[in-house]
There are 2 protein chains.
Amino acid sequence: MESRCENCIIRQFNSLRAMSKEELKHVSDSKITKTVKKGEPIFEEGDKLNGVYCVRNGISKLSKLSANGKDQIVKLATKGEVLGQRSVIAEETTNLSAIAVQDMEVCFIPKESITNTLQKNPNFTLEVLRHMAHDLKEADDVIVNISQKTVKQRIAEAFLYLKNNFGEDEEGFLALTLSREDISNVVGTATESAIRIISEFKKKGLIHTSGKKIGIKDERKLVEMVEGF
Amino acid sequence: MESRCENCIIRQFNSLRAMSKEELKHVSDSKITKTVKKGEPIFEEGDKLNGVYCVRNGISKLSKLSANGKDQIVKLATKGEVLGQRSVIAEETTNLSAIAVQDMEVCFIPKESITNTLQKNPNFTLEVLRHMAHDLKEADDVIVNISQKTVKQRIAEAFLYLKNNFGEDEEGFLALTLSREDISNVVGTATESAIRIISEFKKKGLIHTSGKKIGIKDERKLVEMVEGF
DNA sequence: TTCCAAACCTGACAATTGTCATAGAATCCC
DNA sequence: GGGATTCTATGACAATTGTCAGGTTTGGAA
């Protein structure tokens, strides 16, 4: 069991790689490793976070509750991503809930380690800034997609996204299995609509399913659908 | 005519305030002040930006073209905001177009001044980071609103937003007058739908209009509508 | 294994929204 | 000032999407 941040490979994927040896050591000494079971929250909307969570394993959905009682999933975060950064930097309660969609292993890093380094190590700050710039661009893309594409297109796009970002298992099913409700919360539609469209895709031979698992059968047609043909 | 950044009040509202005297001097020496007429672009989606633009006056819409040929307005930027930061930091072409919706005065700041300072002045970097964290949160909110609220609710919300952020003129009309098309691009709907709903609001006495100008008449009802009553 | 709850699925219908067509109003430019 | 162009407005209709109301299946706990 690898328990020192200095030796943690995950670090290479996020802004922690810009930390100095000493800073990392400090982080490692103060961090707490936690396991989170599927369905359990890491934190919830409105929480005041005392640190950030570095994802070592598993996948989390970041969602926000809307006035009508439905969750909107804003992002899916996987290994290497750091959750709660925005909230710690802005010194605000978090605007999102983070809930595990798979069993997870995360490292809690107290905010002092982060804020100290932010003030002293410009490379680290810049690295964090770059990550946030990337997130912001992705958020802009989501806005455009959600407002200008039909539900059908958004669902097709979601499947392609899942394949490209989380891959497939040996049998050709998407490695990340989401419930129909989660899918509908990603694309921002009613669960029934999502189910209906999934059935339609199955009938048309675009995908195949086995229980909750979904496999992509005709990627090209899905791409065409996303692009509006 | 105030032309030195050191003396520019606008600076107090953005991350430039975290710059040192010398850094500001350098920025001031290298900046170029431009005027942009209503309807003209400051930059367009896909441009490689050689710097950022600090808004001294006027308002710009930040938009992105979707596959179906419609623009989606992602943000309205006013006095004090810095445009193009994300793109310069991520060293990518810009993902958004910035077009003036009012006559504007902007200062172009070459990216070297920015990137140099980012590497040397952690306070500045942190300040930029805070601003971006704020933008990201706002983007999350937009995602939830657009996907979970009806067009009617989003239009009501847009009017309230315009009032709160840009104020009203002496006669009680919203100070920022947008075309019906821009309004529809803010809320992500067809222009005809936006027009229809505006007419409906007028009939119900929620707003009054005079040409393109729109004034809020019954703010409480609008708020209730946004919240789903 | 069996039972229960949760998740999935489908139909019927209504509400919302987009599209197309057309006409009037405002604005710009010569 | 007048004509062209763009913006606003409205009707009619179709397509999309949401809601409600049932079913069936699945998965996990007792």
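Order of the sequence lines fixes the chain letters, A, B, ..., with proteins taken first and strands second; residue numbering starts at 1 for each chain.
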If you check the [X] side chain, which of [options] turns out closest?
X        : options               : answer
B:Lys202 : D:dT17, C:dT10, D:dA9 : D:dA9
A:Ile195 : C:dC9, D:dT10, D:dG18 : C:dC9
A:Arg180 : C:dC9, D:dT17, C:dC20 : C:dC9
B:Glu192 : D:dT10, C:dC8, C:dT17 : D:dT10

Between [atom2] of [N] and [atom1] of [X], the distance in whole Å:
X        : N      : atom1 : atom2 : result
B:Lys152 : C:dG18 : NZ    : C1'   : 15 Å
B:Lys203 : D:dT8  : NZ    : P     : 17 Å
B:Ile198 : D:dT8  : CD1   : P     : 8 Å
A:Lys213 : D:dT26 : NZ    : P     : 13 Å
B:Ile155 : D:dT8  : CD1   : C1'   : 14 Å
B:Lys37  : C:dC29 : NZ    : P     : 11 Å
B:Ile207 : D:dT8  : CD1   : P     : 13 Å
B:Ile146 : C:dT16 : CD1   : C1'   : 16 Å

(request) Tell me which of A:Lys212 and A:Ile197 sits closer to the 5' end of DNA chain D, going by the nucleotide each one is nearest to. (result) A:Ile197

(message) Is there, by distance only and without an angle test, a donor paired with an acceptor across the side chain of B:Arg196 and the base of D:dG11 below 3.5 Å?
(response) yes

(request) Give a yes/no answer on whether the side chain of A:Ser193 brings an N or O atom under 4.0 Å of OP1 or OP2 in D:dT17. (result) no

(request) Using a 4.5 Å cut-off on heavy atoms from C-beta on, say whether the side chain of B:Lys111 contacts that of B:Leu49. (result) no

(message) Using only atom types and a distance under 3.5 Å, with no angle test, would you say the side chain of A:Arg154 pairs donor to acceptor with the backbone of A:Gly188?
(response)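 Yes, A:Arg154 side chain to A:Gly188 backbone: donor-acceptor pair under 3.5 Å.
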
(message) Between A:Lys149 and A:Gly228 (side chain of the first, backbone of the second, donor and acceptor by atom type, cut-off under 3.5 Å), is there such a pair?
(response)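 Not a single qualifying donor-acceptor pair exists.
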
(request) Evaluate the criterion salt bridge (charged side-chain N to carboxylate O under 4.0 Å, His left out) for residue pair A:Lys75 and A:Asp135; output intermediate values, then yes/no. (result) CA-CA 9 Å; A:Lys75 186 182 163 72; A:Asp135 283 351; 3.4 Å; yes

(message) What's A:Thr191 touching, base or sugar-phosphate or nothing? Going by heavy atoms closer than 4.0 Å.
(response) nothing

(request) Look at the aromatic rings of A:Phe43 and A:Tyr53 and report parallel, tilted or perpendicular, splitting at 30° and 60°. (result) tilted

(request) Could you check whether the rings of A:Phe159 and A:Phe201 sit parallel, tilted or perpendicular, using 30° and 60° as the cut-offs? (result)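 Rings of A:Phe159 and A:Phe201: perpendicular, over 60°.
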
(request) In plain terms, say whether A:Lys61 and A:Asp182 are close enough for a salt bridge, that is, a side-chain N and a carboxylate O under 4.0 Å apart. (result)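 A:Asp182 and A:Lys61: salt-bridged.
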
(message) Quick check on contacts: within residues 183-190 of chain A, what sits under 4.0 Å from DNA chain D by heavy-atom distance?
(response) A:Thr189, A:Ala190

